[in-house]
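Remarks on the structure that follows.
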Amino acid sequence: MRVLLTGSAGFIGSHIAEVLDDEVIGADLRTGVDVRDEAALDRLLPGVDAVVHQAAKVGLGVDVADLPAYASVNAYGTATLLAAMARHGVDRLVLASSMVVYGEGAYDCPRHGRVRPGPRRPSDLASGLFDPRCPLCGNVLSPSVIDEDAPLDPRNAYATTKLAQEHLAANWARETGGTAVALRYHNVYGPRMPRDTPYAGVASLFLSALLAGRAPTVFEDGGQQRDFVHVRDVARANVLALRAGTAGALTAYNIASGTPRTVGDLAAALAAQTGGPEPVTTGDYRLGDVRHIVASPARAARELGFTAEISFEDGMKEFAQQ
């Protein structure tokens, strides 16, 4: 199989390039290829059997001034790529999606069972009440496990454009008969993770602080639950996804470890591994953040044969020593 890998020089893309047994054609801004460039795609796609699309603008963004860049790279770039794939008869796509398409995770109310909370109230956040409330009775909710059939509710520019990518890929699959697999990455970490940028992930931000001799600052009360999955596990999931899916449709999978941790756990683990200062929990918050998102990786295990292999403890030890 001949595979075009976009974002091939990036954090996740570079790891995928290392484990693909197929012939790989790399495309990345760092090597002069932009997925928004139709002419470049027309040079690269002839003879390609599948595309693994990792190129994207990532992170929550700084403010609304980032909206055009997210829309251009993630939405327009994906649309341009899909149109070029149709021109050249490429009928298989693996798309890097994200847990952020869900918005908040799944929650249960003691009175009303499974409910879908709206955005958290600024007044609650300011007073230190960080867990979402039931939209029916106002009770504080308990987090539960979210699967791929949950309603989607993106709450920032990155999330909105990742969902747009999924919708565009589904349109392409229906109209061309192609096969699209969307991998909804949870919190990916590991070697080569970008650092010292406002668009970096929380693991990278914590490590950068510790290596500079500063205590990592943890927002809210540190109890936010996430699923941290190692980048090499994510790369392996992409290889498996190349042989999965259904013609004429998009199929989504949670790519996660299945073992949730809190953001406070993450900061403490990295501080212990680096011998750095203890984390400081600030109580600060960002309106675009969600409280808990705990994934079910059952569909990926059942249909892709994917189960994460690198433990949180081993992954954090390696990450802290990079």
Side-chain angles (χ1 to χ4, degrees), residues 12 15-16 19 52-54 92-109 112-117 132 141-155 159 162-163 165-167 169-170 173 179-190 201 203 223-263 265-266 290-316:
I12 298 174
H15 285 275
I16 296 171
V19 297
V52 176
H53 183 32
Q54 306 293 310
R92 180 168 289 274
L93 172 73
V94 177
L95 170 68
S97 187
S98 172
M99 65 167 188
V100 295
V101 299
Y102 296 118
E104 284 286 354
Y107 291 89
D108 293 322
C109 172
H112 296 101
R114 181 59 52 87
V115 295
R116 189 73 175 165
L141 300 173
S142 300
S144 187
V145 174
I146 199 163
D147 65 22
E148 293 86 352
D149 295 325
L152 305 181
D153 184 18
R155 297 188 178 183
K162 294 308 286 185
L163 181 55
Q165 288 183 313
E166 287 198 19
H167 286 321
T179 300
V181 175
L183 301 182
R184 292 176 180 163
Y185 302 156
H186 286 253
N187 287 69
V188 186
Y189 72 95
Q224 309 94 300
Q225 293 188 52
R226 299 290 189 271
D227 190 305
F228 298 98
V229 59
H230 195 278
V231 66
R232 287 198 297 276
D233 281 326
V234 170
R236 188 165 47 82
N238 276 269
V239 175
L240 294 169
L242 275 170
R243 277 77 180 174
T246 301
L250 178 139
T251 309
Y253 296 97
N254 284 328
I255 302 301
S257 73
T259 306
R261 304 280 179 162
T262 69
V263 174
D265 290 339
L266 171 69
V290 298
R291 177 60 172 171
H292 303 297
I293 182 158
V294 178
S296 168
R299 179 185 290 178
R302 185 174 63 250
E303 299 181 13
L304 296 182
F306 170 78
T307 301
E309 296 177 349
I310 300 173
S311 70
F312 180 80
E313 292 76 15
D314 289 345
M316 287 296 144

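Excluded from the calculations below are hydrogen atoms, water molecules and symmetry mates; all remaining heavy atoms, backbone and side chain alike, are included.
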- Distance-minimising heavy-atom pair for Pro297 and Ala256: CB-O, 3.9 Å

- Query: Phe228 vs Phe312 aromatic rings, parallel, tilted or perpendicular, using cut-offs 30° and 60°?
  - Reply: tilted

- Task: Starting at OG1 of Thr179, measure out to CG of Leu93 and round the result to the nearest 0.5 Å.
- Result: 9.5 Å

- From OG (Ser311) to CE (Met316), nearest 0.5 Å: 10.0 Å

- NZ (Lys162) and OG (Ser98) are apart, to the nearest 0.5 Å, by 7.0 Å

- Query: Which salt bridge (Lys or Arg N to Asp or Glu O under 4.0 Å) pairs, counting each pair once, include a residue from residues 240-260, with sequence neighbours left out?
  - Reply: Asp22-Arg243

- Message: I'd like to know if Arg232 and Glu309 make a salt bridge, using a cut-off of under 4.0 Å between side-chain N and carboxylate O.
- Response: no

- Message: How long is the straight-line distance from CD of Gln224 back to CZ of Arg261, given to the nearest 0.5 Å?
- Response: 15.5 Å

- Note on the structure: CD (Glu166) and CG (Leu250) are apart, to the nearest 0.5 Å, by 6.0 Å

- Parallel, tilted or perpendicular: which describes the rings of Tyr189 and His230, with under 30° parallel and over 60° perpendicular? perpendicular

- Those residues that, when tested against His53, pass ring pair (Phe, Tyr, Trp, His ring centres under 6.0 Å) (two or more places apart): none

- Query: Which pair of heavy atoms, one from Ala96 and one from Gln54, lies closest together, and at what distance?
  - Reply: CB-OE1, 3.4 Å

- Note on the structure: Arg114 meets the salt bridge (charged side-chain N to carboxylate O under 4.0 Å, His left out) criterion, sequence neighbours left out, with Asp108

- Message: Tell me if a side-chain donor or acceptor on Arg92 pairs with a main-chain N or O of Ala244 at a distance below 3.5 Å.
- Response: yes

- So do the side chains of Ile12 and Tyr185 get within less than 4.5 Å of each other, counting heavy atoms only? yes

- Roughly how far, to the nearest 0.5 Å, is the CZ atom of Arg236 from the CG atom of Leu304? 10.5 Å

- Task: Heavy atoms only: give me the nearest Asp233-Val229 pair and the separation to one decimal.
- Result: CB-CG2, 4.1 Å

- Note on the structure: From the list Val52, Leu240, Ile16, side-chain contact (heavy atoms from CB on, under 4.5 Å) partner of Val94 resolves to Val52

- Task: Given side chain to side chain contact (heavy atoms under 4.5 Å, CB included), test Glu104 with Ile146 step by step and report yes or no.
- Result: CA-CA 9 Å; Glu104 284 286 354; Ile146 199 163; over 6 Å; no

- Item | Arg226 vs Ile293 side-chain heavy atoms within contact, under 4.5 Å | yes

- Note on the structure: Closest heavy-atom pair, Gln225 versus Pro260, reported as atoms and distance to 0.1 Å, is OE1-CB, 3.9 Å

- Kindly say whether Val294 contributes a backbone atom to a donor-acceptor pair with the side chain of Asp227 at under 3.5 angstrom? no

- Query: Can you check side chain to side chain contact (heavy atoms under 4.5 Å, CB included) on Arg184 and Leu152, steps first, answer last?
  - Reply: CA-CA 12 Å; Arg184 292 176 180 163; Leu152 305 181; 3.7 Å; yes

- Message: His186 and side-chain contact (heavy atoms from CB on, under 4.5 Å): which single residue from Val100, Asn254, Val234 fits?
- Response: Asn254

- Note on the structure: Looking only at heavy atoms, the pair that brings Val115 and Cys109 closest together is CG2-CB, 4.2 Å

- Message: Does Asp149 form a side chain to side chain contact (heavy atoms under 4.5 Å, CB included) with Arg299? I'd like the steps, not just the answer.
- Response: CA-CA 10 Å; Asp149 295 325; Arg299 179 185 290 178; 3.1 Å; yes

- Message: Restricting to non-hydrogen atoms, name the atom on Glu148 and the atom on Tyr102 that form the minimum distance, rounded to 0.1 Å.
- Response: CA-OH, 3.4 Å

- Task: Start with the C-alpha gap between Ile255 and Phe306, add the side-chain angles, then the distance that decides, and say whether side chain to side chain contact (heavy atoms under 4.5 Å, CB included) holds.
- Result: CA-CA 8 Å; Ile255 302 301; Phe306 170 78; 3.9 Å; yes

